[in-house]
Every structure is written in C-alpha cells, then in structure tokens.
A.B. asks: 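Here you go, one structure.
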Number of protein chains: 2
Amino acid sequence: MTRPHLPTTTGLRVVVALAQHGTVSAAAQALNLTQSAVSKQLKALEDLVGLALFTRTSRGLAPTEAGVIYIAQARVALGALETAAARVAGLRSSRPALRLHVLPILGDRWFMPRFSRFVEAHPDIEVQFSTFAASDTIAEADVVFRFGDGQWPGWQADYFLGREVLLVGSPQFIARGGGIAAPEDAWRFPILEHRQTPLHWSDFATSHGIGEVRAERLVRLGYYSLVIRAAIAGQGLALVPRSLILDELASGQLVNPAGLGYMSRNCYWLTTPLDRPRSADLATFCEWALAEARETESASRPAPPAQTPRAASQRS
Amino acid sequence: MTRPHLPTTTGLRVVVALAQHGTVSAAAQALNLTQSAVSKQLKALEDLVGLALFTRTSRGLAPTEAGVIYIAQARVALGALETAAARVAGLRSSRPALRLHVLPILGDRWFMPRFSRFVEAHPDIEVQFSTFAASDTIAEADVVFRFGDGQWPGWQADYFLGREVLLVGSPQFIARGGGIAAPEDAWRFPILEHRQTPLHWSDFATSHGIGEVRAERLVRLGYYSLVIRAAIAGQGLALVPRSLILDELASGQLVNPAGLGYMSRNCYWLTTPLDRPRSADLATFCEWALAEARETESASRPAPPAQTPRAASQRS
DNA sequence: CTACTCCTATTCCATTTTGGACTAATGTTT
DNA sequence: AAACATTAGTCCAAAATGGAATAGGAGTAG
C-alpha cells in the first residue's frame with residue numbers, strides 16, 4: 001500500500017554486517033562487496049528511512065538509537081528468509097539438505113575460509129546455513145554451533161573450538177601501559193568484554209588465583225568481532241579464544257603477554273539434536289568439522305597445551 | 001556467508017500478493033506493477049528457491065506446499081520491515097507518525113482508493129501503514145482495524161464497516177443452478193467461506209430461521225479477496241460485507257439474489273488502545289476514517305437498511 | 001466447432017540500479 | 001608533518017527491473 005518504498009535485502013545485510021563489524025570496510029569484506037558499495041547501500045537505506053542509522057566516527061561506525069531498532073528488525077527479516085530457505089530446502093530433494101546454524105563469529109572466522117573444502121570433498125551434500133534465524137527455527141537445524149559449557153538438554157554436544165582463551169591486546173597499547181608480566185597487571189588496563197560471554201574475566205581471575213576483577217574500566221561490546229577490533233585498535237585488553245585470532249597473533253597485531261590465559265569451560269560446541277536420527281550426511285559433516293577444528297587448534301601453536309581438549313558428549 | 005543469494009523485497013511482496021489475490025494480474029494491480037513484472041519476479045524467486053512456489057492453473061495460481069512455507073516466512077520478513085519503519089518513524093520527528101495496522105482486504109479495497117484524500121486534506125500528518133506486522137508490533141499501533149464483534153479488552157472499538165453481509169454469487173452461476181428465491185435455496189450450491197470468519201454461514205442460517213448449514217460443498221479460502229474472486233468465477237456462493245463489493249455489484253459481476261443477507265455482529269472495527277493518550281492527529285484520522293466509512297456504507301445503496309449501524313465503544 | 005475471454009509466459013527494450021575502481025576528504029597516530 | 005586509517009563521492013560498465021506488446025493455453029458461450 002502507498003508505495004511502501006521497501007529497502008533492499010542487500011541493504012539489510014549491510015546494516016547488520018555494519019553493526020557486527022563496526023566499520024564499512026570490514027563489513028564490505030564480510031559481504032564480499034567493496035567499501036564503496038557498502039557505503040552507498042547504507043546511504044540509500046538511511047535516505048529511505050529518513051534518519052541516520054549510524055554515527056560516523058573516524059574509527060568506524062556505531063549504530064544510532066534508530067539504527068539499533070532498525071538493525072534488530074533487519075535481523076528478524078533476514079532470519080525469516082533464512083528460515084524460509086532452510087525449510088524449503090528440506091522439501092526439495094529426496095536427500096534433505098543439512099541445516100546448520102552458526103554464530104556470526106564462527107561464520108566469519110572459521111567457516112568462510114574453510115567451508116569450500118567441505119563442498120569440494122562432498123559436492124553431493126547440500127548444506128543450508130543460517131546465522132540470524134529465530135530460536136524456534138534454530139530448533140529445527142541439524143547442527144547448531146553454540147557457545148557455553150556443553151550442557152544443553154536434548155542436544156548432544158561435541159567440543160568444537162575455543163577452549164584455550166588468551167589475554168591479548170595491541171602490543172603498542174600494552175607497552176604504553178607499562179607491560180604485563182603477571183595476571184594482576186591486567187587490571188591496570190581497560191578491559192573489553194563480549195556481552196554474551198561475561199564470565200571470561202572472572203574465570204580468568206579465579207584461574208590465576210588473583211581474586212576479583214578490578215579493572216579500571218570495562219567496555220562491553222555486542223560482538224566478538226568488535227571485541228577483537230577494539231583490542232587491535234588499542235582500546236583495551238581482551239580475553240579471546242586463541243583459535244579465533246590465529247592470524248592476528250601471527251601478524252603481531254595482537255600479542256599474548258606472558259602467555260597469560262586459561263582453559264575455559266565455556267567454549268564453542270557442535271551440538272546436534274538427540275531426538276532425531278543421525279543421517280549419514282550429518283555424521284559426515286560432523287566428522288569433517290570436528291577434524292578441521294582439531295587441526296585449527298593444534299596448528300600454529302608454539303607449544304601444545306598441558307591438557308588436550310577432548311571431545312565430550314552427554315545427554316540429559 | 002557463502003553467497004546467500006537472497007531474494008528481492010519485491011519478490012517477497014509479489015509472492016505474498018499472489019497468495020492473497022490468487023492471480024498474477026490481480027497481484028500486479030495490487031502492487032502497482034504490470035502483469036509481466038509480477039510474472040518475472042515470481043519466476044526469479046522460484047529459480048532462486050529451486051522449487052515451484054505456485055501451481056499454475058488456467059484460472060490462476062495456488063501455492064504449493066513449498067509456497068505455503070515460503071510465503072509465511074516472506075510475510076514475517078515484510079512484517080519485520082514494517083515494524084522497523086514504524087518504530088523508526090516514531091523517532092523521526094517531534095510530531096510522531098500515526099501508526100496504522102490494516103487488514104489486507106481493507107487495505108486493497110478501502111484504503112488504497114481513498115487514502116490519498118486524507119493525505120491531501122492533512123499533508124502534515126505522517127502516517128505509517130502496516131499489514132504484515134507481527135502481533136507484538138500491532139500492539140504498538142495507534143489504530144488497528146480488526147474484524148470481530150467489537151470486544152477487545154483494552155481497546156476502544158468504533159464500528160467501521162461491513163455490518164451488512166450479503167449473499168452473492170455470479171449471475172450465470174446462480175441462474176444455471178436454478179436461481180435463488182428463498183434462503184434455503186442456497187444449500188443447493190457450493191458455498192465459499194473465509195477461513196478467518198467461519199461464522200458467517202451459520203449466522204446466515206439462524207438469522208433466516210432455516211436451521212443448519214447443509215450446503216453440498218464447502219470451499220474454505222484464506223483471504224477475502226480469494227472468496228470474492230471465486231464467487232465472481234462462479235465457484236460458489238459467498239457471504240460478503242456489502243461495502244467490500246460495491247463495484248462488483250454495480251457492474252453486475254456479482255448479484256445478491258432476492259436481497260438475501262443479514263446484519264452481522266462480526267464486522268470491521270476501528271480500534272484504538274485505551275492505555276495511551278489520544279493525540280490530536282489520531283483523533284483527526286479516526287474522525288476522517290469513520291466519516292468516510294459512513295459515506296461508503298450509505299453510498300450506492302438502493303434502499304437504506306432497516307437499522308443503521310451505530311458506533312459503539314466500550315472498555316473492559 | 002469456433003470465437004471469445006481470461007489467464008500466464010516470454011520477448012524486446014528503455015530505464016534504473018547496482019557495484020567496482022578511483023579519487024577526495026577527513027581525522028588519528030606516530 | 002607524514003603515514004595511515006577511515007568514509008564519501010564520481011564515473012562507468014554491467015545487471016536488474018519493469019513496461020508494452022505478443023504468443024499461447026484453457027475454459028466458456030453460443
């Protein structure tokens with residue numbers, strides 16, 4: 001009705017990616033677009049909406065109040081489309097598609113670079129991704145990657161990634177702050193926290209036997225990608241699963257002072273529903289993913305960890 | 001991730017409109033597009049999905065199983081975008097936009113042709129429409145048009161339209177079936193029912209004191225537009241609010257045999273939430289809408305009805 | 001059986017939109 | 001001040017969108 005002037009789906013993906021990556025260039029990379037395309041899509045969408053959705057700073061973009069609202073709905077819309085695709089894909093062939101739900105950070109940092117290998121090795125298995133789907137849709141997935149302690153009633157959980165959590169920061173930033181030799185030194189710096197995983201810092205403290213978290217400043221961010229970005233930009237110290245920042249560590253953008261870190265109970269798990277029979281395709285995929293993950297974790301590690309992460313699985 | 005090949009928003013609007021109107025041409029009209037554009041959008045979307053979303057019959061289109069699934073999600077997605085627009089519109093100006101939620105049939109048949117008049121008369125009032133929004137979003141609207149008996153706890157309900165329900169059908173179809181002189185004659189024909197308003201036929205029967213509904217065949221359709229279309233196509237008799245089919249009655253596409261019909265308790269209401277103060281804009285709009293509706297109801301009526309619909313309002 | 005009507009699919013084409021490469025502009029950091 | 005981020009804007013080629021017109025199919029009335 002009344003020329004609805006609807007946004008483009010690309011526009012929606014753009015704002016969501018922008019919120020997640022905090023910068024036009026990074027979002028562009030994540031979307032396989034150029035910086036200029038993203039910039040223009042954003043402008044177009046803002047013109048359509050009639051309000052700025054992001055405030056521009058020299059370091060990147062941050063959603064405005066309107067942006068937060070709009071982005072949330074954009075995510076709902078994209079989730080609906082993912083759900084539609086996933087459900088319909090199930091109908092399409094006699095061999096139903098494998099439905100995966102991945103967290104954004106894993107999608108960007110782990111799957112995107114690796115998944116083509118799986119497709120090459122198993123061209124006959126059709127895989128349907130989702131990252132925005134609503135929780136009721138997630139329940140339909142064949143594989144759900146989750147973050148937590150491995151306890152999800154009704155789901156088998158196999159350890160996937162991220163048990164080894166490192167204290168990291170930008171090298172210049174740490175040096176300027178006087179360096180870090182012991183765990184307590186961390187409290188002299190602002191610390192960065194991922195909103196969905198707030199336990200990391202207290203776990204860090206207790207695992208080093210240094211009591212309370214008493215950092216000078218705490219910055220809470222909504223996405224792991226933002227935490228990593230902020231750490232690189234020298235805005236604070238972060239606790240990040242090592243496997244997510246192999247590149248940054250290798251290139252020296254981030255350093256792990258004094259090898260501080262700990263083995264976290266909370267990490268990424270590959271979970272599969274227990275109430276459905278495991279198809280052969282599902283088994284194939286899980287095997288592949290777990291093997292690749294093991295390789296990721298052992299690769300480019302200076303020294304193997306004291307305890308090797310072991311696969312766990314339990315029902316409840 | 002992995003080129004999501006997302007659909008176009010136009011594509012989504014197209015499939016939703018198609019489901020609602022049952023025919024490419026009708027959907028095109030509703031969307032202000034040409035038949036060819038709609039046809040192509042549908043094809044593009046089906047190619048994308050990899051499955052037919054509609055089965056083509058010579059009389060129009062009907063959703064396939066996949067179509068039903070996809071369309072439902074498309075509606076969710078469009079609803080999210082409407083919600084986004086409505087919420088953000090509230091932020092935009094000091095004078096907040098008026099948020100309306102209309103039922104599809106009213107949008108097509110009543111608002112679309114009339115609303116420009118309101119805009120002309122009140123160019124300074126910004127109005128935000130939604131037709132697909134989810135129920136939690138509907139709760140935020142300033143005006144919700146509903147179908148029912150006028151009892152919605154927490155909402156003031158003013159009678160809007162559609163109290164006068166007529167028995168109608170295609171003239172040739174009725175003639176071929178032997179004509180209709182008395183209410184009971186209706187049972188010799190297949191009857192059409194709107195899925196969301198199943199009470200009409202039994203109300204019709206009781207209001208004429210002819211006992212049970214015992215038609216030879218019952219066709220249940222999801223949208224009023226489909227009911228009207230099916231009636232015109234001679235697929236059965238329908239009970240339709242007179243105000244929705246003024247054109248069809250005038251042009252003779254539909255006839256109302258023996259003036260049969262009844263005054264329904266269930267009709268369209270203009271409802272406004274009681275828990276929020278009434279803005280001046282809101283009052284202006286309601287006044288306009290109710291006046292226009294009264295005019296619609298009285299216009300082109302051969303004889304005024306025995307009892308005039310009267311505005312009602314109650315709280316609970 | 002034939003003309004007529006109502007539908008969809010398709011072809012052609014002008015127009016618009018999209019997105020990439022480049023350049024400009026601006027602010028931060030060293 | 002220079003180097004380095006970042007976003008915004010211009011230009012252009014390629015793709016898409018959508019309208020007009022056409023073709024074809026399936027009922028329907030006589």
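Keep in mind that the numbers below use all heavy atoms, side chains included, and drop hydrogens, waters and symmetry copies. Quick caveat, the model's predicted, so the values are computed rather than measured. Just so it is clear: chains get the letters A, B, ... in the order the sequence lines come, proteins before strands, and each one is counted from 1.
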A.B. asks: When you measure from the side chain of Glu82(B) to the backbone of Phe132(B), do you find a donor-acceptor pair of N or O atoms at a distance under 3.5 Å?
C.D. replies: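 Pair found, side chain donor or acceptor close to backbone of Phe132(B).
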
A.B. asks: Is the base of dA29(D) touched by the side chain of Gln172(B) through a donor-acceptor pair closer than 3.5 angstrom?
C.D. replies: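 No such pair is found, so the answer is no.
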
A.B. asks: Rounded to whole angstrom units, what separation is found between the CG atom of Leu45(A) and the P atom of dT18(C)?
C.D. replies: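 Rounded to whole Å, this separation is 11 Å.
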
A.B. asks: Check whether Arg188(A) reaches the backbone of Gly179(A) with its side chain - one donor and one acceptor, N or O, closer than 3.5 Å.
C.D. replies: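 Pair found, side chain donor or acceptor close to backbone of Gly179(A).
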
A.B. asks: What orientation do Phe129(B) and Phe111(B) show, parallel under 30°, tilted 30 to 60°, or perpendicular over 60°?
C.D. replies: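 Rings of Phe129(B) and Phe111(B): perpendicular, over 60°.
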
A.B. asks: Using heavy atoms to find the nearest nucleotide of DNA chain C for Arg176(A) and Ala37(A) separately, return the residue whose nucleotide is more 5′.
C.D. replies: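 It is Ala37(A), whose closest nucleotide lies nearer the 5' terminus.
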
A.B. asks: Given atom CG of Leu53(A) and atom P of dT7(D), what is their separation to the nearest angstrom?
C.D. replies: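 It is 15 Å, rounded to the nearest whole Å.
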
A.B. asks: Is any N or O donor-acceptor pair between the side chain of Lys40(B) and the base of dG19(D) shorter than 3.5 Å?
C.D. replies: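 Answer is yes: a donor-acceptor pair is held.
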
A.B. asks: Between Gly22(B) and Thr8(A), name the one whose nearest nucleotide on DNA chain C is closer to the 5' end.
C.D. replies: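 The residue whose closest nucleotide sits nearer the 5' end is Gly22(B).
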
A.B. asks: Base, sugar-phosphate alone, or nothing: which one does Thr23(A) contact when heavy atoms must sit under 4.0 Å apart?
C.D. replies: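 Answer is sugar-phosphate: Thr23(A) comes under 4.0 Å of backbone atoms only.
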
A.B. asks: At under 4.0 Å, does any side-chain N or O of Ser39(B) touch on OP1 or OP2 of dT8(C)?
C.D. replies: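 Indeed not, no polar side-chain atom of Ser39(B) lies that close.
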
A.B. asks: Under the 3.5 Å rule, do the base of dA20(D) and the side chain of Ser36(B) count as making a donor-acceptor pair?
C.D. replies: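 Flag set: donor-acceptor pair detected.
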
A.B. asks: Please work out if Thr10(B) contacts a base, only the sugar-phosphate, or nothing of the nucleic acid, heavy-atom cut-off 4.0 Å.
C.D. replies: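 Here Thr10(B) touches the backbone only, sparing every base.
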
A.B. asks: Take atom CZ of Arg56(B) and atom P of dG24(D), then tell me their distance rounded to the nearest Å.
C.D. replies: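 My rounded result for the distance is 19 Å.
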
A.B. asks: Grab the CD-P distance between Gln41(B) and dT16(C) for me, whole Å please.
C.D. replies: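 Nearest whole value for this atom pair: 17 Å.
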
A.B. asks: Starting at atom CZ of Arg59(A), determine the distance to atom C1' of dT29(C), rounded to an integer number of angstrom.
C.D. replies: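 About 9 Å, once rounded to whole Å.
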
A.B. asks: Give the rounded distance in Å between these two atoms: CZ of Arg229(B) and P of dC6(C).
C.D. replies: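 About 12 Å, once rounded to whole Å.
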
A.B. asks: Write down the atom of Leu221(A), the atom of Ala230(A), and the distance for their closest heavy-atom approach.
C.D. replies: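 Scanning both residues, the minimum pair turns out to be CD1-CB, 3.9 Å.
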
A.B. asks: Atom CZ of Arg13(A) and atom C1' of dT18(C): how far apart are they, to the nearest Å?
C.D. replies: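 After rounding, the gap between these two atoms is 13 Å.
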
A.B. asks: Evaluate whether atom CD of Gln29(A) has more than 12 neighbouring non-hydrogen atoms of other residues, nucleotides or ligands under 6.0 angstrom away.
C.D. replies: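 Count not over threshold, so no.
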
A.B. asks: For dC7(C), does OP1 or OP2 lie under 4.0 Å from any side-chain N or O of Gln35(B)?
C.D. replies: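 Indeed not, no polar side-chain atom of Gln35(B) lies that close.
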
A.B. asks: Please determine if a side-chain N or O atom of Ser25(B) lies less than 4.0 Å away from the OP1 or OP2 oxygen of dT8(C).
C.D. replies: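 Indeed, a polar side-chain atom of Ser25(B) lies that close.
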
A.B. asks: Take atom CG of Leu42(A) and atom P of dG9(D), then tell me their distance rounded to the nearest Å.
C.D. replies: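 Atom-to-atom, Leu42(A) to dG9(D), this comes out as 11 Å.
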
